[in-house]
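Below is one structure, written out as structure tokens, with a few remarks after it.
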Amino acid sequence: MNIASCPASTKEILLARGSSAEWLRQRTLATPDANRTSPADQKHVGVPSLDITRHYASFASQTKAYDELYGWVPSGRVSHDAVLGTDGRILLRSSGLSLKRKLCMWKRLAATTWLDDFPSSNATFKMKRVVSLLCFNYAASVYAAGGEGSRPRGVGPEFAKFYKDAVTFSCITNLSVNIPVGRVNDDYCDCPDGSDEPGTSACAHLSPLSPHTPVDQSHTGHNISLALPGFYCKNKGHTPTYVPFTSVNDGICDYELCCDGSEEWDHVGGVKCEDICQQIGKEFRKLDEARQKSLGDAGRKRKELVAEAGRLRKEVEDRLMTLGTEIEGSELKVKQLEGELAEVERREKGKVVRSAVQKVGKMGALVGLAKQRTQELRETLERVRQERDSSRSRLEELESVLSTFKEEYNPNFNDEGVKRAVRAWEDYAARDKGPEPDAAHDRDLNAITQSDKENGIDWDEYEGEEDSDTDVCKSYSLYAFENYLPASLRGWVDQKLRDLRVTLIDSGILADTGSSSGESKAVADAQQRLNSARNDLDNSRKSLTEHKEGLDKDFGPDDIFRALKGQCISTDSGEYTYEFCFMDKTTQKPKKGGGHTNMGNFVRIERIMVDEDLPPNGKGLGTGERIAMKHENGQHCWNGPNRATTVILGCAEEGEIWKIMEEEKCVYRMEVGTPAVCEALGQAVPKKADGRDEL
Amino acid sequence: MQRLSISWTAFLLLCLTLCSLLTPAVSVKHENFKTCSQSGFCKRNRAYADTAAAQASTWTSPYALQSNSIKFSQGLLTGVVTKQVGDETIRLPLTVSFYENGVARVTIDEEQRQKKDIELRHGSKARKERYNEAEKWAIVGGTTLSSGAATKNGEKKGETRVVYGPAGAFEAVIKHEPFGVEFLREGVVEVVFNGKGMMNVEHWRAKVDKPVVEKKEGETEEEQKARESAVVEGEDEGTWWEESFGGNTDSKPRGPESIALDISFPGYSHVYGLAEHAGPLSLRETRGDSNSEDKTKYSEPYRMYNSDVFEYEMDSPMTLYGSIPFLQAKKRDSTVGVFWLNAAETWVDITKTKSFVKQAVDKVLQNPVSLGVTGSMTTDTHWISESGLLDVFVMLGPTPQDVISTYSELTGYTQLPQMFSIAYHQCRWNYVTDEDVRDVDRKFDKFKIPYDVIWLDIEYTEGKKYFTWDPMTFPDPLGMQEQLDEHERKLVAIIDPHIKNEGNYPIVEELKSKDLAVHNKDDNIYEGWCWPGSSYWIDCFNPKARDWWVGLFKYDRFKGSAKNTWLWNDMNEPSVFNGPETTMPKDNLYAGGWEHRDVHNLNGLTLINATYDALLSRDKEEASAGGVRPFVLTRSFFAGSQRMGAMWTGDNQASWPHLEASVPMILSMGISGFPFAGADVGGFFGNPSKELLTRWYQAGAFYPFFRGHAHIDTRRREPYLAGEPYTGIITQALRLRYSLLPSWYTAFHEAHTTGAPIVRPNYYVHPSDDKGFGMDDQFYVGSTGLLVKPVVKEGQEGQDIYLADKEKYFDYFDFWTYEGPGTVSVAAPLETIPVLMQGGNVFARRERPRRSSGLMRWDPYTLVVVIGNSGDAEGTLYVDDGEGFDYQQGAYIHRKFSFKSSTGTLMSEDLAPEGSATSKKAKDYLRSMEKVRVEKIVIVNAPEAWKGKTEVEVGTEYLASKSGLTRKVGMEWHGREEGKAAWAVVRDPAVAIGKGWKIDFA
């Protein structure tokens, strides 16, 4: 506050209220808290010394009298004397008390305002100049924290305009509610939106989170909310912030938000919050520098990753091109081979299979062997079936034991052994058990295991029989007249006969016995070539689809996770090592040994809002929209769902798991730093969250 | 059509019934716990009672007081009661003590055992006397013998009359043969001992092997029954010498030794107490038929045998974790109480019969509907304990306050807890790492939800070894606690009485080498199973063990503990997983040779007693400062445990019935002298729906002990996880609790000094209104006049509240006006807690939301003056540092605020006795509080006459001498609006909370 701004208006108020003494008395009584204002809070307030001289005497006597009367100062405890210094300053005259103590007294006496840098006059102790007491009573409570401007304590620059009127204050969002300026920051909540108490906690309860009565709602109905974001800490030497009103004068130095300690201006319970902004600011700048550097590096790394991702993408695209060509080639080849095969088949169809069965007369032996073998198989099947039935009934018994066990055990006893067993049982019970025993199967089994006679197989019928050719074979032997022809003619005849035969077969007159009796090598070879070509084609096509999908798949902004796909980072936390593999999965491995637990397989990339504290080293998510990777369908959780993990990514120089939390049973949250997300969402510099109150 | 709809209804009902049957409800495993008929002594005494009842007119109790043995002097009557069994005469020494406070106490022992003239079987090392040390643990005062008590002349032959009590209004009529006592108040018989002849003292006898019995090995059921019916002679020996249950055999080295007594309350319709049970506050009859339609009667007696009952069931006389064998009987304008001092397994049967009290009959004729609540009933109780002395205290009231304060004087007042401990506690089995704890702590701040304490269940330890921290998950416990301390928050860590039996664990090494553990029947260390697996149990009956335990908590011993670490003693029934009924075998031995059966119900108390002592001072600095107020939570308890800490109702479930049951359970604790009670908010087992969780927080905000807790297999449910609107509503409930902390603390102080319950049932507040005697779903908070009825049913959006008195009540949140007496309906959508303010009261709150209760210390107060029909209002406020013992040296503020309509003034007067604040500590404290002021006074139902008034006059006590010196402060007045009361608010009177002042509204 400058010299010009205060006195005039103050005096006006005084005049308006009647005698200054009366007003002083009222203020002293009505708001003892005003007296608690510390000298440090009342800088830069100055008025001509004359004013002090004139009002001091009356004030001092009044104050002392009322202090004793009302007990704010236990009588006899304070013996402060004040005299005017030669230059109009007030000297404290008392002995044996520390400066601090004296300042305290002064605070009690008049809550005077002080000039910080008044030149020392080499007096008995370093003097501070007392300026207008009248101004104090007005200024201490209202404008005490005001620095260069004339803002009341706790008001941020953007709200200064609401506090300009020197006589009346209108509540910011309830303009109809007007109060004298003296009621601003008097530690009593007048405004329905709390705007009259920017520097105290008096309106902190005006929040949807607090219970309310008609007393709070008389002007607002049910919509209670605060007009101000909080108590404004200037934090000179650092960054200004708003502290929640709930933290003002609660006896705790909230240095995290308010490094100048100004939110504890009332020193409740004797707490004194030193201004540590210089130190904090310095540290912050140092850290910030490191952070900026780290961010710069991270940015570079990200660029590299983007480049890498681009390269990989290009690779895929190139490969797609190649594949396209390959596929075209393969298609041609397949076509060609199909033709070849058809031709070979056509040719082969005409060939007479001369001797489908090389050896005749051994059928009987074969039948014998077959019979024996069938018998063996049947017996074995019978035995296996018995074993199966017995196992099945034992299994049923065991399952019923276990399911009773699961029903009846006491989970509260938390016997790890028992719990493990129950867990394993539940996993087991939840698994697909394969097909249920099928009556049809059993009927088949019954049928199969019946004796051969009952099955209608009469081995005897075959055992004694001579081996004979099939009809077709017979017919071939019958027509084997070419054997009698000369070799040259035989070739011609043979060829003609084949053609004829093919024609006959093709026209459906003759049955095609060739295919049923096995293909010729030529056909098989052709078929194989074709198959192989088709396989190649299929693979190429599949590869093409995959690559195409890969190309279309969401790899995040700038395709960046393409560069990280499959890369894993891990960290130790408690009894476990946790691992996160980009675009793949998350896992948990017990340090004490034992199997890995899949905590979820990657399903998609999402964007979610976070609001987290940012540690000084910047390794945290901060506030805002962040990229998150959803992992689902991990290992099933006992008494719970399948494990799932949300990995939320924050900007960092190195890939690093910052934090793992089990948000609810078997639903995990990982906070991971990676250069991949730097700048991606405008997260250039993670910002500290505002200290907005309640809203 | 009509018929169709009926059949449809029937069908639907059938479906519903079937559905409810099919619902896979978790429930208690009955087979793990004894019924009366499985507990030999209970079965024997019930049979004895049946015989007595069956032969009512011809039955003669075999107990007689030998007239020539009677001596009386200085309030103490002694004599010998004999029990005649055939030719044998058993001598039972009797003392009847009359105390200054109006309590009469009847104690019966057994002479032969006093003289140790008995033999124990199986070479047992147990003591020979009956257990006579329960008093040592439970009784701390109120036992000054009355010099005013005198025998009355002109008495009838065969009886001795003693006049005693305040103004000689009480009289004990001791009948000689058969022995019995009638207690009269102003000539009316209120309590009768052995009026039904069910008294039974099973004397010691040597086991005689009767060959006849041996032959009866293959006994038929009829024969068995025939033998059972022979109990008249006490000859059912089937359960005398050995009893097996659940595969465990009790060797019973002293044979049968139960004691039993019938106590009748003529004209009394309701009895309360016998905590802890999950059932209605007004105790049910217990002689019902289990197959009967009438479910208002149990078929089992109320049982008290402290047990870890897994998934306990609702509305049941089954035993739970703690026992307080104190019972009050209520009829209109009269309350009497009996306290059965016995720590052994105890069963109590309750029956009610129509009595022929004249005025009651008249009443019945006038209004037959009110039968049962008009005092036309007589309640008979039958108390049965397995061993120990027969030792009963009788309190004759006549008000509930009289009875409870006398009981509290005997067993000790509830501890004045630290302020933080009546704020909100956040618990879970388990916060798994120290980082987890820090994160929860930060989240509460982020969501602007106040909390004071975060808890660690068993998983913080290394392998369930108490006094250790798991180095993997809790590498930095001190750093974690420093973070908590930044906002004056606390940590509560669990430590249970079982000590892991494992090598390289110094605690167990010491326990063993110093022989401080409980022994088995062979007098070797007893090994059982609990959380850590194989374990031993500290024997806190052993003074050396207690000293050792105290030492374990020193900061330099329990590494990782800090000044803001407090304690939770769980599993102290004790819970033994592989023991009979999940506890220890009854023939286990404790220091001094007492058997587990003798001391079972005291076990939990002895442990928290040791822990309390340990926490009083954990280093030299604390010791020299006179100690700090400990905080200990216990699951198991007995009469007297209230002196040491808080209790909770154990492992409940996340279900609506459990929420509903929590209210009567907590009310029952309140009227049993242990008011610092709560239930796990949210329900321990299972996952609550968001609605249930929200409603539970709203109810929990009115539990004296307010803690959210959850089982390890449940989903996380910290309030900020619920999501909107739930998180916001829960936060409001929490902030409501915090804003009312000054009133809660005042209620705790009242409990601490008078024994008054903190949450009070209707019968306590309105002892003349019989309609409210059975009510247990609504309650008053301390003396604030706040009447609360939490919503405990799913989907319920309104609440019917019963108003007992002809008084105005106002909705806490919108000042809607209701008029009693009668039942009124209050809207209660999810965001609303049904809370009414009774006219005629003043209460204090602190409205500024803070992060923890510690940060509210310097905040100003708001006084709420609720003007009722008389136009006056009154209330008190007690304030101290909320931490230490300085209050005992006068460092406190205790004010009475009274508004008088006749003068139109509100006064603040000092309730502290004059000269109580002379110590330095007191002066320092009062000085530190000088700047703490009253910032606002809200007057609900403000007089219409104030309309237009904008100022009131304030004077302080310093002004009184200088007349005319007052100042004016602003006042705002609002008229009535559609059913809502007029109200006024005084703008910043700026009067100090600790000072006298007067505000003139006239």
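Sequence lines set the chain letters: A, B, ... in the order given, protein chains first and strands last, and positions in each chain run from 1. No experiment lies behind these values; they were computed from the predicted model shown.
Between atom CZ of residue A:Phe245 and atom NZ of residue B:Lys448 there is a gap of 11.5 Å, rounded to the nearest 0.5 Å. Interatomic distance, A:Arg183 CZ to B:Asp988 CG, rounded to the nearest 0.5 Å: 9.5 Å. Here NE2 of A:His205 is found 7.5 Å from OG1 of B:Thr862. Values are rounded to the nearest 0.5 Å. In this structure, CG on B:Asp439 lies 7.0 Å from CD on A:Glu612, to the nearest 0.5 angstrom. We find the CD1-CG distance between B:Ile729 and A:Leu209 to be 11.0 Å, quoted to the nearest 0.5 Å.
In this structure, the portions of A:Ser247 lying under 4.5 Å from any heavy atom of chain B include both its backbone and its side chain. With a 4.5 Å cut-off on non-hydrogen atoms, B:Arg845 touches chain A through its side chain but not through its backbone. With a 4.5 angstrom heavy-atom cutoff, B:Phe447 touches chain A only via backbone atoms. The contact between B:Leu721 and chain A is made entirely by side chain atoms (from C-beta outward), counting heavy-atom distances below 4.5 Å. Neither the backbone nor the side chain of A:Val271 comes within less than 4.5 Å of any heavy atom in chain B.
Evaluation of the salt bridge (Lys or Arg N to Asp or Glu O under 4.0 Å) rule for B:Arg848 yields A:Asp187, B:Glu935 as partners, not counting sequence neighbours. Here B:Arg987 pairs with A:Asp186, A:Asp190 under the salt bridge (Lys or Arg N to Asp or Glu O under 4.0 Å) rule; sequence neighbours left out.
Here the closest heavy-atom approach between residue B:Arg735 and residue A:Ser210 is recorded as NH1-OG, 2.8 Å.
Around atom NZ of A:Lys619, no more than 12 heavy atoms belonging to other residues, nucleotides or ligands sit under 6.0 Å away. Crowding of B:Glu951 atom CD: a count of heavy atoms from other residues, nucleotides or ligands under 6.0 Å exceeding 12. For CZ of B:Arg442, the number of neighbouring non-hydrogen atoms (other residues, nucleotides, ligands) closer than 6.0 Å is greater than 12. Atom CZ of B:Arg715 is surrounded by 12 or fewer heavy atoms from other residues, nucleotides or ligands within 6.0 Å.
Salt bridge status for A:Asp254 with B:Arg851: present, with a side-chain N to carboxylate O gap under 4.0 Å.
Side-chain atoms of B:Arg850 and A:Thr246 form no donor-acceptor pair, as typed in the model, at a separation below 3.5 Å.
Ranked by heavy-atom pairs under 4.5 Å with chain A, the first of B:Thr433, B:Asp814, B:Thr714, B:Asn687 is B:Asp814. Comparing A:Asp572, A:Ile252, A:Asp250 by heavy-atom pairs within less than 4.5 Å of chain B, the highest count is held by A:Asp250.
Taking the side chain as every heavy atom from C-beta outward, B:Phe815 and A:Val215 approach each other to under 4.5 Å. At a threshold of 4.5 Å between non-hydrogen side-chain atoms, the residues A:Met661 and B:Asp436 do not count as touching. Contact of the A:Asn249 side chain with the B:Trp858 side chain is not registered, since no non-hydrogen atoms from C-beta on lie closer than 4.5 Å. When side chains are defined from C-beta on, A:Tyr188 counts as touching B:Lys936, because their heavy atoms get closer than 4.5 Å. Looking at heavy atoms from C-beta onward, A:Lys659 lies in side-chain contact with B:Glu435 at the 4.5 angstrom threshold. Looking at A:Asp611 and B:Lys446, their side chains come closer than 4.5 Å, going by heavy atoms from C-beta outward.
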